[in-house]
Participant: 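Here it is: the structure, laid out below.
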Amino acid sequence: DVKVTQSSRYLVKRTGEKVFLECVQDMDHENMFWYRQDPGLGLRLIYFSYDVKMKEKGDIPEGYSVSREKKERFSLILESASTNQTSMYLCASTPFYGGSSSGNTIYFGEGSWLTVV
Amino acid sequence: ILNVEQSPQSLHVQEGDSTNFTCSFPSSNFYALHWYRWETAKSPEALFVMTLNGDEKKKGRISATLNTKEGYSYLYIKGSQPEDSATYLCASRMDSSYKLIFGSGTRLLVRP
C-alpha cells in the first residue's frame, strides 16, 4: 500500500514563527502536492512538485514556499506564520500523469492541523 | 479558477436508506473525475477515477456514474450503514496539468 506520512499531526505556532510541515511518500511517486482544507471550501492547492527540485505554484501560494530535495520528501514552509494560515494541511502524491485520459489516483496523508496564535 | 460544486452539503439518513450525491463540473476540457471518501482523522481514500462519458463504476454498495457532456457525476450508496458516515469529495481534472479542482464535499451521517 502507498504510504504518505505527515510527521506533524497537530501544531500550535506563534505569529511570525517559521513553520515546516514535512511529508514523505514511500512509492517513488514523481508528483507531490500540498493542499489546505478550510470549512466550507474545497481542498485548495498551495504548491505541487513534479520532480526533485521542481515546483509550481498552485492556486493559493502566497505566504508559502516548498522544498523538494529528495524524491520522497516534500516540505511546506511558512516563512512567517500568520493567523490566517490556521488550517488543516494535506500532503498528497501520485505517479506520473500520462496521456489525456489518465486516471491516476492521488494518495493523501492524514493531514496536519496547524493553529497560529 | 473553475468551480466544482457538490450537493447537498450534508445529508443525514437512517441505516438501510439508499442515498445519492451530485458533483457538477465544467464540461469543457474534461480529463478525469475523482471521488474520495474522507473519514474524520483519516486520509481521504480514493473511491473511483472516471474518464469516459457514460462510465459507471461500482465498489461494493457504492457506485458512480459520469456524464461529461453535461458536466455531472452521481455517487450512489445502496443500503447505507453507519460506517459509510464520512465526507465524500469529488475532484475534476480539467487539463493536462497535474491539478485537481475539488468540490467542498458532501458530509454524510448514517444513523443506526
Side-chain angles (χ1 to χ4, degrees), chain A residues 1-6 9-10 23 25 27 29-51 54-61 68 74 88-113, chain B residues 1-10 23-26 28-55 57 59 64 66 68 73 86-107:
Chain A
D1 280 351
V2 175
K3 187 76 173 173
V4 179
T5 303
Q6 294 180 233
R9 294 297 308 277
Y10 302 95
C23 175
Q25 51 95 1
M27 282 301 290
H29 285 169
E30 286 79 10
N31 303 307
M32 296 188 74
F33 308 82
W34 276 105
Y35 292 89
R36 65 178 277 177
Q37 168 74 31
D38 298 292
L41 300 175
L43 289 173
R44 293 182 292 166
L45 182 64
I46 304 171
Y47 266 97
F48 68 98
S49 168
Y50 50 91
D51 203 349
M54 306 304 286
K55 61 186 179 184
E56 282 196 28
K57 293 180 181 179
D59 299 317
I60 51 165
R68 189 145 180 225
F74 191 36
M88 199 275 274
Y89 292 88
L90 267 181
C91 175
S93 74
T94 189
F96 175 65
Y97 270 117
S100 63
S101 61
S102 173
N104 284 349
T105 295
I106 287 188
Y107 298 89
F108 287 93
E110 291 184 324
S112 297
W113 292 91
Chain B
I1 298 175
L2 301 171
N3 283 332
V4 173
E5 305 284 344
Q6 288 188 248
S7 62
Q9 200 170 29
S10 66
C23 174
S24 302
F25 54 88
S28 58
N29 299 319
F30 173 82
Y31 271 56
L33 193 285
H34 296 237
W35 279 103
Y36 287 86
R37 179 173 175 274
W38 194 3
E39 288 183 76
T40 303
K42 294 187 178 179
S43 311
E45 171 198 356
L47 288 173
F48 306 113
V49 181
M50 309 172 79
T51 57
L52 298 176
N53 185 44
D55 254 356
K57 296 214 172 178
K59 188 176 183 177
L66 178 67
T68 60
S73 175
T87 296
Y88 291 82
L89 293 175
C90 74
S92 180
R93 183 181 166 211
M94 304 306 296
D95 56 32
S96 59
S97 77
Y98 307 102
K99 293 192 219 179
L100 293 183
I101 301 171
F102 282 85
S104 56
T106 293
R107 181 175 290 183

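The basis for the numbers below is simple: all heavy atoms, side chains too, and nothing from hydrogens, waters or symmetry mates. Order of the sequence lines sets the chain letters (A, B, ...), proteins ahead of strands, with each chain counted from 1. Keep in mind the model is a prediction, meaning the values are calculated, not measured.
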Participant: Checking heavy atoms, do the side chain of Arg9(A), its backbone, both or neither come under 4.5 Å from chain B?
Facilitator: side chain

Participant: Near Gln9(B) CD, under 6.0 Å, is it more than 12 heavy atoms from other residues, nucleotides or ligands?
Facilitator: no

Participant: Give the intermediate values and the outcome of side-chain contact (heavy atoms from CB on, under 4.5 Å) for residues Phe48(B) and Thr105(A).
Facilitator: CA-CA 8 Å; Phe48(B) 306 113; Thr105(A) 295; over 6 Å; no

Participant: State the CD1-CG distance between Ile101(B) and Asp59(A), to the nearest 0.5 angstrom.
Facilitator: 7.0 Å

Participant: Looking at Gly42(A), is its backbone amide N or carbonyl O close enough to the side chain of Ser104(B) to form a donor-acceptor pair, meaning the two atoms are under 3.5 Å apart?
Facilitator: no

Participant: Can you tell which part of Leu89(B) gets under 4.5 Å to a heavy atom of chain A, answering side chain, backbone, both or neither?
Facilitator: side chain

Participant: Of the non-hydrogen atoms in Pro44(B) and Gly109(A), which two are nearest, and what is the gap between them?
Facilitator: CD-O, 3.8 Å

Participant: Side chain of Tyr36(B), backbone of Ile106(A): donor and acceptor closer than 3.5 Å?
Facilitator: yes

Participant: What do you reckon, is CZ of Arg107(B) surrounded by more than 12 foreign heavy atoms closer than 6.0 Å?
Facilitator: no

Participant: Side chain, backbone, both or neither: which part of Leu43(A) has a non-hydrogen atom closer than 4.5 Å to chain B?
Facilitator: both

Participant: How long is the gap from CD on Gln37(A) to CZ on Phe102(B), to the nearest 0.5 Å?
Facilitator: 9.5 Å

Participant: Do the non-hydrogen side-chain atoms of Phe108(A) and Lys42(B) ever get within less than 4.5 Å of each other?
Facilitator: no

Participant: If I measure from the heavy atoms of chain B, does Glu56(A) come under 4.5 Å with its side chain, its backbone, both, or neither?
Facilitator: neither

Participant: Please name the pair of heavy atoms, one in Glu110(A) and one in Ser43(B), separated by the smallest distance, quoted to 0.1 Å.
Facilitator: CG-OG, 3.2 Å

